[in-house]
Amino acid sequence: FRTSSFSPAAQEMLATFRAVREIREKVGVQATDRFILSMTRGVADVLSVLWLAYETQNHGLMVVPLFERIEDLGNCGGVMRLLYQDPVYKKHLNTLGCCQEIMLGYSDSNKDGGFLTSNWYLYKAQTDLTETAKVFGVTQTLFHGRGGTIGRGGGPTNQAILAQPRGTINGRIKMTEQGEVISSKYSNPLLAERNLELMISAVL
């Protein structure tokens, strides 16, 4: 398609997807196999990224919706239900073995609604998303975008995992570890082993 009439922002986005394709071709598809879509609001957001991926020959790129505002956490189950029913998205999902990763934002939801509201909506979102995935036979992985401080979803990892809604993990969980957390938890091999042990034991 012709791109000369596109806005600078659109040109930049297409350049990003072309760079992703180049990495996948030179290094391997596992080097960049996911695209995290920040501030996902609805079905059109995800389908737009999927269209960009296919137009730039990035076939099999998983679109990971990131729900991070309170309103979006409240609506995320409905968004995924519509996506799982969409024929285009269903076909794409089949190429991924009916696996879907969904990211939940702790920091922005805390900023948006405060600590208590954020945690309640995150809890409800996980339950709703898991029930939706079961209905449509989708293998779901929840990706927790936790920060280092309590206000950004931080705190003891073991307790945080054990506090997740029943049935939402099923042996699969993904979390961010960022900033000062990396050095405090993983700079020493013994500390790293202990932290990984706490995480794995909680998941099991």
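Please read these numbers as outputs of a predicted model, since none were measured by experiment.
Hydrophobic clustering, with ILVMFWY side chains joined whenever heavy atoms are under 4.5 angstrom apart, groups Val135 together with Val43. No single ILVMFWY cluster, assembled from side-chain heavy atoms under 4.5 Å apart, contains both Leu116 and Tyr106. By the rule that hydrophobic residues join a cluster once side-chain heavy atoms approach within less than 4.5 Å of another member, Trp51 and Val63 end up as members of one cluster.
From Glu68, atom CD reaches atom CG of Leu73 across 8.5 Å, with rounding to the nearest 0.5 Å. Summarising the geometry, atom CD belonging to Gln85 is positioned 11.5 Å from atom CE belonging to Met80; distances are rounded to the nearest 0.5 Å. Put simply, CG on Leu129 and CZ on Arg81 are 8.5 Å apart, with the number rounded to the nearest 0.5 Å. Between Leu83 atom CG and Thr40 atom OG1 the span is 9.5 Å, to the nearest 0.5 Å. Between the CD1 atom in Ile70 and the CG atom in Asn110 there is a gap of 8.0 Å [rounded to 0.5 Å].
For the pair Phe115 and Asn119, the tightest heavy-atom approach, listed with the atom from each and the gap, is O-ND2, 2.8 Å. Heavy atoms only, all atoms of each residue included: Gly105 and Leu122 are closest at O-CD2, 3.9 Å. Residues Gly145 and Met103 share a closest heavy-atom pair of CA-CE, 3.7 Å. Contact detail for Lys90 and Tyr84: the closest heavy-atom pair is CG-O, 2.8 Å. Nearest approach of Thr127 to Pro165, heavy atoms of both residues: OG1-CB, 3.5 Å. In terms of heavy-atom proximity, Thr168 sits nearest to Leu142 at O-CD1, 3.9 Å.
The backbone N or O of Pro8 sits nowhere less than 3.5 Å from a side-chain atom of Glu12 that would complete a donor-acceptor pair. Asp45 contributes a side-chain N or O that, together with a main-chain N or O of Gly42, makes up a donor-acceptor pair within less than 3.5 Å. No donor-acceptor distance shorter than 3.5 angstrom exists from the side chain of Ser187 to the backbone of Ser184, with no hydrogens or angles considered. Without hydrogens or angle criteria, Asn170 side chain to Gly167 main chain gives a donor-acceptor distance under 3.5 Å. With Ser109 contributing its side chain and Arg69 its backbone, the two residues share no donor-acceptor pair below 3.5 Å. In terms of modelled atom types and a separation under 3.5 Å, the side chain of Arg24 and the main chain of Thr32 share a donor-acceptor contact. In this structure, the side chain of Asp128 does not engage the main chain of Lys124 through any donor-acceptor pair within 3.5 Å. The closest donor-acceptor contact from the side chain of Asp72 to the backbone of Phe67 lies at 3.5 Å or more, if one exists at all.
The shortest side-chain heavy-atom distance between Met39 and Asp108 falls under the 4.5 Å cut-off. You'll find the side chain of Leu104 reaches within 4.5 Å of the side chain of Gln126, heavy atoms only. Thr56 has its side chain out of reach of Val20: every pair of non-hydrogen atoms, C-beta onward, lies at least 4.5 Å apart. Residues Phe143 and Met175 are not in side-chain contact: their nearest non-hydrogen atoms beyond the backbone lie 4.5 Å or more apart. Leu204 is listed as a side-chain neighbour of Ile200, based on a closest heavy-atom distance under 4.5 Å. Annotation: side chain of Thr132 is in contact with side chain of Phe136 (closest heavy-atom distance under 4.5 Å). The shortest side-chain heavy-atom distance between His144 and Ile173 falls under the 4.5 Å cut-off. Side-chain contact between Asn158 and Ser201: present, with at least one pair of heavy atoms (C-beta onward) separated by less than 4.5 Å.
Among Val64, Leu50, Val46, the single residue meeting the side-chain contact (heavy atoms from CB on, under 4.5 Å) criterion with Leu37 is Val46.
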Could you go step by step and tell me if Lys111 and Ser107 meet the side-chain contact (heavy atoms from CB on, under 4.5 Å) rule?
CA-CA 6 Å; Lys111 293 173 189 172; Ser107 180; 3.6 Å; yes

Applying side-chain contact (heavy atoms from CB on, under 4.5 Å), run through Thr141 and Ile102 and close with a yes or a no.
CA-CA 6 Å; Thr141 300; Ile102 301 167; over 6 Å; no

For Arg194 and Glu197, run salt bridge (charged side-chain N to carboxylate O under 4.0 Å, His left out): C-alpha distance rounded to whole Å, both residues' side-chain angles, the deciding distance at 0.1 Å, then the answer.
CA-CA 5 Å; Arg194 178 59 176 158; Glu197 183 183 72; 2.5 Å; yes

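For the residue pair Thr139 / Gln100, no side-chain donor-acceptor distance below 3.5 Å is found, with atom types taken as modelled.
Checked for salt-bridge contact, Arg18 and Glu22 miss the test: no charged N lies under 4.0 Å from a carboxylate O.
Shown here are the ring-ring contact (aromatic ring centres under 6.0 Å, His included) partners of His92, two or more places apart in sequence or in another chain: Tyr54, Tyr89.
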